[in-house]
Amino acid sequence: MYLQFRDDVEDALTSALEALDLPTDDLGVEDPPEGVDAVLASSAAFRLAGEVGAPPPQVAGQIADEIDAGAYELVEAASAQGPYVNFVPSDAYYEETAEEAQRADFGHLEPTGEEVVVEHTSANPTGPVHVGRARNPIVGDAVARVLSFAGHDVDTHYYVNDAGRQMAVFTWAYETFDEADLDSEPERDKADYDLVRYYRKGNDFLENADPDEVEEAEDEIQAIMQGLEEGDEETYQRVQEVVDTVLGGMRESLDRLPAEFDEFVKETRFLRDGSADDVVTRLKELDEAVYEEDAWQLDLDEYGIEKNFVFLRSDGTTLYATRDLAHHEWKFDNYDRAVTVLGEDHKLQARQMNASLDLLGNDTDQLRQVIYSYVNLPEGKMSTRAGTGIDLDDLLDEAIDRAREEVETRLDDRIRDDDLTDEDVERIAEQVGIGAVRYDIVSKQPTKAITFEWDRALDFEAQSAPYVQYVHARCCGILEEAGITPDGSSDLAGDFDASLLETEAERELLEVVARFPAVIEEAAEDLEPHVVATYTREIAETFNTFYRECPVLADDVDEDLRDARLALVAASKHAVGNALQVLGVAAPRSM
RNA sequence: GGGCGUGUGGCCUAGUGGAUUAGGGCAGGAGGUUCCUAACCUCCUGACCGCGGGUUCGAAUCCCGUCACGCCCGCCA
C-alpha cells in the first residue's frame with residue numbers, strides 16, 4: 001500500500017500545484033524523519049518560495065489548503081508543518097497494508113516482462129575461491145534476487161575464462177608436472193585444491209626456472225593459445241579438462257553460500273562460433289581503428305579514454321576484452337538488459353568495453369556495472385597464484401563452528417524448554433554462520449573497501465544476520481504457538497480487524513512493514529542490495545519494540561486484538577523473511 | 001605523474017542537498033527475564049562528518065584545493 005499511497009500523494013500534490021499555477025516537476029516527496037507523525041512529506045515549498053514570493057512555511061500552508069484529502073482513499077490528511085507538507089495515511093492504508101502483507105510473496109513487485117542477465121563472480125578457474133573475491137558472488141547473487149523480486153525475469157551467468165593465457169599456463173602445467181613434482185598436499189580433498197598446486201607450480205617454474213626451459217614451456221603455452229584461437233578440437237578438450245575440473249570444485253564452494261548459476265558461459269564459445277572474429281572485422285572498419293606496432297587498436301579518445309584499446313595482438317590472436325565484446329553482443333541479443341558485477345580493478349576495462357560496444361552500434365544503456373572494492377587482509381591482498389588469502393571454505397567452516405558453539409552455549413541457559421535435536425543445532429549453526437558471513441558483506445556499500453578480520457566478520461551480536469534472523473524465529477515461534485504453521489504457502493492469519501492496532505508500537509511496525517515493496521523497488525532501481533540489509537535492521541528493531549510492549553498470546557489479551565496482532569506478526573514474518581531471502585540469508589524457523 | 005573510488009566518535013557502519021543540534025552497532029558504564037525464545041530491551045559516556053576554502057535560504061551530501069588510503073594506467077585476465 002505504500003507505493004499506492006505514494007501515488008496518491010504525488011497525485012494530490014500535482015493537482016494542488018496546478019491549481020496554484022505552480023510548476024509540478026519537483027514534488028519533493030520524501031520520508032519524514034523519526035518522530036514526525038506522517039508517512040510521506042513534501043519539501044517542495046522550499047523551492048517554490050522564490051516563485052511565489054512568500055516564505056516556505058506559507059507556501060506549504062497554501063499547498064496543504066489546496067489538497068482535498070477526502071478525494072484519496074489512502075490519505076487521511078495533508079497538513080503544513082513548517083516548510084513541509086505532511087501526509088498522514090488513512091485507516092484504510094493500515095488495514096490494506098496488513099491485508100497485503102498476509103501473502104507469503106509480500107514484497108514481490110508486478111512482473112515487468114523484462115529479461116535481465118546478471119553476470120557475476122566469473123572468477124578464472126585457477127583455484128579455490130578465496131575471500132578476496134567472495135564479495136562478487138554474495139553481492140551478485142543478491143543483485144539477481146533483488147531484480148527478480150522487482151518483477152524481472154532474471155538469469156544468472158558465470159562467464160568462464162577458458163581461453164586466456166592463464167588457462168593455457170594451467171593446462172601446460174597440469175600436463176607437464178607430476179604429483180611428485182609438487183611440494184605440498186592439497187589443503188582439501190577437492191578438485192580445485194588439488195589442481196591449484198599445478199597452477200602454482202607452473203607459475204613458479206616460469207618465474208624461476210632456467211631460461212631455456214622457460215622458453216620451451218612458453219612455446220607449448222603459445223601453442224595451446226593458438227590452438228584455442230583456431231578452434232582446434234584436441235586443444236580445446238585438453239583445456240576443458242582442467243577448466244571443468246577446477247570449476248567443479250569452485251562451484252561446490254559457491255553453492256554453500258549459496259550462489260548458484262543458470263548458465264556457465266564459456267569464453268571459447270565466442271571463438272568457436274566466429275563471433276569474436278566478426279567483432280574484430282567490424283572494429284577494423286571503424287574510423288577509430290588504428291594499426292600500430294603490428295597490433296590493431298581502437299582510439300577511444302572521444303570517450304575520454306587516453307589509452308588505446310588493443311583488440312588484436314600482433315600474432316593475430318584476440319584478447320580477453322575482444323572476446324568479451326562478442327560475449328556482450330550475445331547478451332544484448334538474448335536479453336533486454338545486462339548487469340555485470342565487477343571488482344574495482346576492472347573499471348577501466350568496463351569503460352573501454354562500453355565505448356567499444358557503442359562504436360559497434362549497440363545500445364549501451366542496456367548494460368550496467370556494479371563495482372565493488374576488494375576484500376583485503378590486514379597484511380595485504382589475497383592471491384590465488386601466490387597462495388595468500390583465506391579460502392571461502394575455511395571462512396564458512398569457521399563461521400559454522402563459531403555459530404555452533406554459540407547455539408550450544410545458549411542451549412544451557414535458555415528459558416524455554418524446547419528441545420533442540422542435534423539436527424536442529426547443526427541447521428541453526430549453518431544458517432547463522434553462513435548468514436552472518438553473507439550479511440556482513442552484503443550490508444555494506446560495495447564501493448567501500450573491506451579489510452578482513454575474523455572477529456569482525458563473525459560477530460553475531462546486534463546489527464548482524466543473527467539479530468535479524470532471531471526476529472524471524474520469534475515471529476515463527478509466536479505463530480506456531482498460536483497453531484499456525486508458517487510454511488509460507490497457506491494464509492497465515494484468519495479474519496482480523498487491523499483497526500485494533502492502535503498503539504504506537506503497532507502502528508510503527510505496520511508502517512515499516514508497508515515500506516518493504518518500496519525498498520525492493522529502490523534496491524532494484526539502484527542495484528544496491530545493501531539498502532535491503534539496512535531495512536532488515538530497521539524492521540527487526542521495530543519488531544523488537546512491538547514484541548516487548550505488545551503481548552500477542554497472553555491470557556489477558558482480548559481475542560480480537562490477539563487476532564489482529566497475530567496478523568501483524570505474520571506480516572512482519574513475511575517482510576523480514578522475504579527481505580532475508582533477497583539477501584540470500586537463511587530465515588530460520590527457530591534458533 | 002594521470003584517472004577513478006573511499007575518508008562519519010577508540011573500532012565498524014547508515015545517511016550523498018532539506019525537519020540532522022549526524023542515525024545505528026561494537027567496545028566501556030548502569031539497569032531489565034514469575035510474562036509469546038535475553039542471539040533481546042532500556043538508560044549513560046563518546047563525532048567541530050579527513051583538512052581548508054566556496055556555492056546555497058539550507059552542505060556530511062554540490063564545487064575548488066589539499067592530505068591519507070585503495071584500485072587502475074599490459075599485445076594479462
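Residue numbers start from 1 in every chain, and the chains themselves are labelled A, B, ... in the order their sequence lines are given, proteins ahead of strands.
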A.B. asks: If you measure from the P atom in B/U61 to the same atom in B/C26, how many Å do you get, rounded?
C.D. replies: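 Result for the P pair: 28 Å, nearest Å.
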A.B. asks: How would you label the contact of A/Phe311 with the nucleic acid (heavy atoms, under 4.0 Å): base, sugar-phosphate, or nothing?
C.D. replies: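 Result for A/Phe311 = nothing.
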A.B. asks: Name the nucleic acid region contacted by A/Arg47, choosing base, sugar-phosphate or nothing; use a 4.0 angstrom heavy-atom cut-off, strictly under.
C.D. replies: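 Base contact.
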A.B. asks: Below the 4.0 Å mark, does B/C71 have OP1 or OP2 next to a side-chain nitrogen or oxygen of A/Lys381?
C.D. replies: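 So the side chain of A/Lys381 is within the cut-off, an N or O lying under 4.0 Å from OP1 or OP2 of B/C71.
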A.B. asks: Distance check, rounded to the nearest 0.5 Å: A/Ser572 atom OG versus A/Leu509 atom CG?
C.D. replies: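 Nearest 0.5 Å value for the OG-CG distance: 3.5 Å.
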A.B. asks: Can you name the one residue among A/Asn136, A/Asp345, A/Val131, A/Thr451 that meets side chain to side chain contact (heavy atoms under 4.5 Å, CB included) with A/Tyr374?
C.D. replies: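 The residue from A/Asn136, A/Asp345, A/Val131, A/Thr451 that satisfies side chain to side chain contact (heavy atoms under 4.5 Å, CB included) with A/Tyr374 turns out to be A/Asp345.
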A.B. asks: Between B/C26, B/U37, B/G70, which nucleotide has the shortest distance from any of its atoms to the side chain of A/Asp459?
C.D. replies: B/C26
A.B. asks: Under 4.0 Å between a Lys/Arg side-chain N and an Asp/Glu carboxylate O for A/Glu406 and A/Arg410?
C.D. replies: yes
A.B. asks: Pick base, sugar-phosphate or nothing for A/Gly82, based on heavy-atom distances below 4.0 Å to the nucleic acid.
C.D. replies: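 No contact.
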A.B. asks: Which residue, A/Ala321 or A/Asp440, contacts RNA chain B at a nucleotide closer to its 5' end, judged by nearest heavy atom?
C.D. replies: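 Comparing both residues, the 5'-ward one is A/Asp440.
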A.B. asks: What integer number of Å spans the P atoms of B/U16 and B/C11?
C.D. replies: 24 Å
A.B. asks: For the residue pair A/Tyr159 and A/Thr340, confirm or rule out a side-chain donor-acceptor distance under 3.5 Å.
C.D. replies: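 The criterion, which ignores hydrogens and geometry beyond distance, is not satisfied for A/Thr340 and A/Tyr159.
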A.B. asks: Quickly work out the A/Ile478 CD1 to B/C40 C1' distance and round it to whole Å.
C.D. replies: 13 Å
A.B. asks: What is the distance from CD of A/Glu522 to P of B/A14, rounded to the nearest Å?
C.D. replies: 14 Å
A.B. asks: Want to settle it: does A/Tyr470 or A/Glu292 sit nearer the 5' end of RNA chain B, counting the closest nucleotide to each?
C.D. replies: A/Tyr470
A.B. asks: With a cut-off of less than 4.0 Å, is there a side-chain N or O of A/Arg313 near OP1 or OP2 of B/A77?
C.D. replies: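 Result: yes.
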A.B. asks: Need one value for A/Gln349: base, sugar-phosphate or nothing, where a base atom within 4.0 Å counts as base even if backbone is also close, heavy atoms only.
C.D. replies: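 Base: the residue A/Gln349, judged by heavy atoms under 4.0 Å, touches a nucleobase.
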A.B. asks: Looking at the side chain of A/Val36, which of B/A14, B/A77, B/A19 is the nearest nucleotide?
C.D. replies: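 Nearest listed nucleotide: B/A19.
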A.B. asks: Taking the same atom, P, in B/C36 and in B/A47, what whole-Å distance lies between them?
C.D. replies: 40 Å
A.B. asks: With respect to the phosphate group of B/U37, does any side-chain polar atom (N or O) of A/Arg474 fall under 4.0 Å of OP1 or OP2?
C.D. replies: no
A.B. asks: With P as the reference atom in both, quote the distance from B/A39 to B/A27 in angstrom, rounded to an integer.
C.D. replies: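 Approximately 15 Å lies between the P atom of B/A39 and that of B/A27.
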A.B. asks: Give A/Ala41 one of three labels, base, sugar-phosphate or nothing, depending on what nucleic acid heavy atoms sit under 4.0 Å from its own.
C.D. replies: base
A.B. asks: Any luck finding a side-chain donor-acceptor pair between A/Thr317 and A/Gln226 under 3.5 Å?
C.D. replies: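 Not at all, the side chains of A/Thr317 and A/Gln226 share no donor-acceptor pair under 3.5 Å.
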A.B. asks: Is A/Asn86 touching bases, backbone alone, or none of the nucleic acid, heavy atoms closer than 4.0 Å?
C.D. replies: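 The answer is base, as A/Asn86 lies within the cut-off (heavy atoms under 4.0 Å) of a base atom.
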A.B. asks: Can you tell me if the side-chain N/O atoms of A/Asn544 get under 4.0 Å from OP1 or OP2 in B/C40?
C.D. replies: no
A.B. asks: In whole Å, I'd like the distance from the CG atom of A/Asp455 to the P atom of B/G10.
C.D. replies: 21 Å
A.B. asks: Hey, does A/His530 reach any base, or is it just sugar-phosphate, or nothing, if we go heavy atoms under 4.0 Å?
C.D. replies: sugar-phosphate
A.B. asks: Report yes if some heavy atom in the side chain of A/Leu348 is under 4.5 Å from a heavy atom in the side chain of A/Ile305; otherwise report no.
C.D. replies: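 Yes, at least one pair of side-chain atoms sits under 4.5 Å.
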A.B. asks: Base, sugar-phosphate, or nothing: which does A/Ala473 touch, judged by heavy atoms less than 4.0 Å apart?
C.D. replies: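 The residue A/Ala473 makes base contact.
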A.B. asks: Contact class for A/Val471 (heavy atom, under 4.0 Å): base, sugar-phosphate, or nothing?
C.D. replies: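 Since no nucleic acid heavy atom lies under 4.0 Å of A/Val471, the category is nothing.
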A.B. asks: Nearest to the A/Ser590 side chain among B/U37, B/U42, B/A77, which nucleotide is it?
C.D. replies: B/U37
A.B. asks: Rounding to a whole Å, what distance do you find between A/Glu408:CD and B/U37:P?
C.D. replies: 21 Å
A.B. asks: A/Arg323 side chain N/O closer than 4.0 Å to the phosphate oxygens (OP1, OP2) of B/A77?
C.D. replies: yes
A.B. asks: Evaluate whether atom CG of A/Asp37 has more than 12 neighbouring non-hydrogen atoms of other residues, nucleotides or ligands under 6.0 angstrom away.
C.D. replies: no
A.B. asks: Decide whether a cation-pi geometry holds between A/Arg474 and A/Tyr547; the criteria are a distance under 6.0 Å from NZ or CZ to the six-membered ring centre and an angle within 45° of the ring axis.
C.D. replies: yes
A.B. asks: Using atom P in both nucleotides, what's the gap between B/G50 and B/U6 to the nearest angstrom?
C.D. replies: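 It works out to 12 Å between them.
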A.B. asks: Between B/C49 and B/C62, how far is it from one P atom to the other, in whole Å?
C.D. replies: 15 Å
A.B. asks: Once you apply a heavy-atom cut-off of 4.0 Å, does A/Val310 come out as touching a base, just sugar-phosphate, or nothing?
C.D. replies: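 A/Val310: backbone/sugar contact only, no base atoms under 4.0 Å.
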A.B. asks: Pick the C1' atom in B/G23 and in B/A60, then give their distance to the nearest Å.
C.D. replies: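 Each nucleotide's C1' atom is 12 Å from the other's.
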A.B. asks: With rounding to the closest Å, how many angstrom separate the C1' atoms on B/G65 and B/U55?
C.D. replies: 15 Å
A.B. asks: Assign a letter to each nucleotide of nucleotides 2-8 of chain B from its 5' end: B, base within under 4.0 Å of a protein heavy atom; S, sugar-phosphate only; -, no contact.
C.D. replies: --SS-S-
A.B. asks: What's A/Tyr467 touching, base or sugar-phosphate or nothing? Going by heavy atoms closer than 4.0 Å.
C.D. replies: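 Touches sugar-phosphate only.
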A.B. asks: Less than 6.0 Å separating the ring centroids of A/Tyr467 and A/Tyr470?
C.D. replies: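 They do not qualify: ring centres at least 6.0 Å apart.
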A.B. asks: Under a 3.5 Å cutoff, is there a donor and acceptor pairing between the side chains of A/Ser43 and A/Glu30?
C.D. replies: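 Per modelled atom types, A/Ser43 and A/Glu30 side chains form a pair under 3.5 Å.
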A.B. asks: Taking only side-chain nitrogens and oxygens of A/Tyr320, does any of them come within less than 4.0 Å of OP1 or OP2 of B/A77?
C.D. replies: no
A.B. asks: For B/A14 and A/Tyr535 - does any side-chain N or O of the residue sit under 4.0 Å from the phosphate oxygens OP1/OP2?
C.D. replies: no
A.B. asks: Using atom CD of A/Gln469 as one end and atom P of B/C40 as the other, report the distance to the nearest whole Å.
C.D. replies: 12 Å
